[in-house]
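Worksheet: the structure to be examined is printed underneath.
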Amino acid sequence: MELNTTKDAFDRVTKKQKLSTTKSQELIELLGQEIENALSKLQSSPDTTSQPDHNVILSELKSKLSEIAPLSQMEGTQKELNIALSKYPKILEKLFNPDIAKAYRSVDFDTHTINQIIANHFYREGMFDLCDCFVNEAKETEAATMRTPFMEMYEILNAMKSRDLKPALTWAAANRDKLKQNGSHLDLKLHRLQFVEILQTRGRDEALNYAKTFLVPFALDHMAEFQKLMACLLWAGRLDISPYADLLLPTHWDDLIEEVNRQFCNILGQPFQSPLSVTVAAGVQGLPTLLKLMNVMMGKKQEWQSMKQLPVPVDLDTEFQFHSVFVCPVSREQASEENPPMLLSCGHVLCKQSITKLSKNNSTRPFKCPYCPSEVEVSKCRQLYL
């Protein structure tokens with residue numbers, strides 16, 4: 001993809017730049033050492049008639065500097081850097097298209113829905129004042145209902161980043177049943193992390209009291225985890241050199257912050273990632289392909305505006321793939337609402353239009369499956385839903 005080409009070119013320039021910088025630094029240090037040595041000789045010479053001639057010392061220094069030849073040594077790496085630098089702007093110019101409006105299509109958007117998505121994004125990013133202003137100016141009072149829950153989430157996550165688990169524990173306790181329905185053990189993970197923090201900072205006695213109050217209810221269903229935590233009591237103050245030192249890894253905090261974020265959004269009925277962020281990221285990734293397509297279709301703007309399916313695939317990363325896609329093995333066309341996938345009685349799947357062609361638009365006439373010897377009747381074909 002074009003973005004990968006740009007990144008590779010940038011990485012090459014960065015690598016050459018680092019190499020040139022390292023070489024320059026080495027030469028500067030070497031020159032400095034020779035100058036320091038010469039200066040030391042000049043300062044240590046006794047002030048007598050037999051003292052070495054300063055001109056001799058300076059002459060030796062000049063000779064050594066000439067041998068080092070810093071300009072010649074730097075010339076090679078600098079030349080490679082200049083070549084990489086000269087190619088990079090050309091790659092950018094080739095890929096950069098200032099008129100991205102060519103890929104635009106006139107689509108009837110629901111303004112209310114778009115405003116809701118924008119407000120949702122601002123709230124989940126913690127931009128509460130900005131979102132309040134947007135909601136007021138757009139007159140989207142309904143969007144303001146998400147302010148309070150997202151503010152609560154923001155406060156919980158900020159507290160966790162400061163190693164304060166109390167807000168998260170309070171929220172998890174209030175939503176224990178919902179978390180259990182989701183198959184999440186978030187409350188146990190929070191109590192485990194809090195137990196380890198208390199053991200490290202307040203000592204064995206307080207950690208034991210905390211375990212009796214909050215961890216015992218989990219013992220029956222999570223005995224192995226409970227036993228591991230109890231064994232940690234024997235290593236109070238020395239947990240970092242114990243067999244359970246992995247409990248101190250900072251990644252536990254990062255993972256738990258992400259899980260709290262995910263479960264909070266799940267219970268709110270909101271996606272884990274901002275729909276606006278995902279849409280923009282997917283659009284940026286697919287934009288080069290769309291611009292290329294429009295360059296090919298110059299003069300066919302009407303066809304572009306009325307097109308229901310793109311004639312070329314837009315390859316997006318797996319993170320942007322939210323549902324399965326079926327491509328008919330006969331026509332090589334992607335299934336759509338007008339041309340859905342159909343399950344044949346033999347078990348193979350073709351698109352509806354391919355079946356129509358194979359049966360010659362005769363619903364009672366059997367046709368041979370193109371992938372096995374079976375005879376298939378159109379009436380026995382069943383539509384599949386992606």
Side-chain angles (χ1 to χ4, degrees), residues 100 104-194 250-287 316-324 386:
I100 63 174
Y104 170 77
R105 292 182 62 184
S106 298
V107 179
D108 293 330
F109 286 112
D110 182 351
T111 305
H112 172 68
T113 301
I114 298 299
N115 288 340
Q116 292 278 334
I117 292 173
I118 294 173
N120 181 292
H121 176 78
F122 286 151
Y123 277 142
R124 70 167 58 230
E125 291 296 319
M127 304 176 186
F128 298 104
D129 293 338
L130 174 62
C131 194
D132 289 342
C133 180
F134 172 79
V135 167
N136 290 332
E137 292 188 3
K139 296 181 174 57
E140 293 287 350
T141 54
E142 184 181 337
T145 58
M146 298 305 299
R147 188 184 200 280
T148 301
F150 273 127
M151 179 172 282
E152 181 185 4
M153 184 184 79
Y154 202 72
E155 290 173 351
I156 290 173
L157 296 179
N158 275 345
M160 291 183 69
K161 291 174 183 176
S162 301
R163 299 242 168 177
D164 179 8
L165 289 172
K166 289 181 180 179
L169 286 166
T170 302
W171 176 83
N175 294 274
R176 181 173 289 114
D177 292 339
K178 294 178 181 178
L179 290 171
K180 190 174 182 179
Q181 290 175 4
N182 293 339
S184 172
H185 303 298
L186 179 61
D187 47 354
L188 172 60
K189 294 177 182 178
L190 288 168
H191 283 301
R192 178 182 64 188
L193 203 57
Q194 184 75 318
T251 53
H252 290 302
W253 284 89
D254 297 334
D255 294 342
L256 206 51
I257 287 173
E258 181 178 336
E259 186 168 353
V260 169
N261 191 353
R262 188 182 298 276
Q263 291 299 332
F264 200 106
C265 291
N266 191 5
I267 291 176
L268 278 180
Q270 296 288 325
F272 170 57
Q273 292 180 308
S274 165
L276 182 61
S277 297
V278 173
T279 302
V280 171
V284 169
Q285 197 170 111
L287 186 59
L316 298 179
D317 293 340
T318 54
E319 62 186 290
F320 300 117
Q321 297 175 13
F322 303 102
H323 56 82
S324 50
L386 299 178

With a 3.5 Å distance limit and no angle check, can you tell me whether D317 reaches the backbone of E319 through a side-chain donor-acceptor pair?
no

F128 and M151 have their tightest heavy-atom pair at CZ-CA, 3.4 Å

Using modelled atom types and a 3.5 Å cut-off, is there a donor and acceptor pairing between side-chain atoms of N261 and backbone atoms of I257?
no

What's the verdict on side-chain contact (heavy atoms from CB on, under 4.5 Å) for V135 and M146, showing C-alpha distance, side-chain angles and the deciding distance?
CA-CA 11 Å; V135 167; M146 298 305 299; over 6 Å; no

Contact summary for A281 and F320, nearest pair of heavy atoms
CB-CZ, 3.6 Å

Parallel, tilted or perpendicular, as decided by the 30° and 60° cut-offs, for the rings of F122 and F134:
perpendicular

Rounded to the nearest 0.5 Å, how far does OG1 of T111 lie from CD of E140?
8.5 Å

Under the criterion side-chain contact (heavy atoms from CB on, under 4.5 Å), I'd like the reasoning laid out for L186 against W171: C-alpha separation, chi angles, the key distance, then a yes or no.
CA-CA 11 Å; L186 179 61; W171 176 83; 3.7 Å; yes

From D254 atom CG to K161 atom NZ, the distance as rounded to the nearest 0.5 Å:
10.0 Å

Could you list all the salt bridge (Lys or Arg N to Asp or Glu O under 4.0 Å) pairs where at least one residue sits in residues 167-187, not counting sequence neighbours?
R176-D187

Excluding sequence neighbours, so at least two apart, what forms salt bridge (charged side-chain N to carboxylate O under 4.0 Å, His left out) with E258?
R262

For P275 and I117, work out which heavy atoms get closest and say how close.
CB-CG2, 4.3 Å

Closest non-hydrogen atoms of N182 and Q263, given as atom of the first, atom of the second and distance, are ND2-OE1, 3.5 Å

I need the minimum non-hydrogen distance between A172 and L179, along with the two atoms involved.
O-CD1, 3.9 Å

Should H121 and I118 be marked as a side-chain contact (heavy atoms from CB on, under 4.5 Å) after you check the CA-CA gap, both sets of side-chain angles, and the distance that decides it?
CA-CA 5 Å; H121 176 78; I118 294 173; 5.7 Å; no

Which distance, rounded to the nearest 0.5 Å, do you find between the NZ of K189 and the OG of S184?
6.0 Å

When rounded to the nearest 0.5 angstrom, what is the spacing between CD in E259 and NE2 in H252?
12.5 Å

From N120 atom CG to N115 atom CG, the distance as rounded to the nearest 0.5 Å:
12.5 Å

NE2 of H112 to CD of E142, rounded to nearest 0.5 Å, is 4.5 Å

With side chains defined as the heavy atoms from C-beta onward, is the minimum distance between F272 and V278 less than 4.5 Å?
no

What heavy-atom pair brings F150 and C265 nearest, and what distance separates the two atoms?
CE2-SG, 4.5 Å

side-chain contact (heavy atoms from CB on, under 4.5 Å) between Y123 and M153: does it pass, once the steps are laid out?
CA-CA 10 Å; Y123 277 142; M153 184 184 79; over 6 Å; no

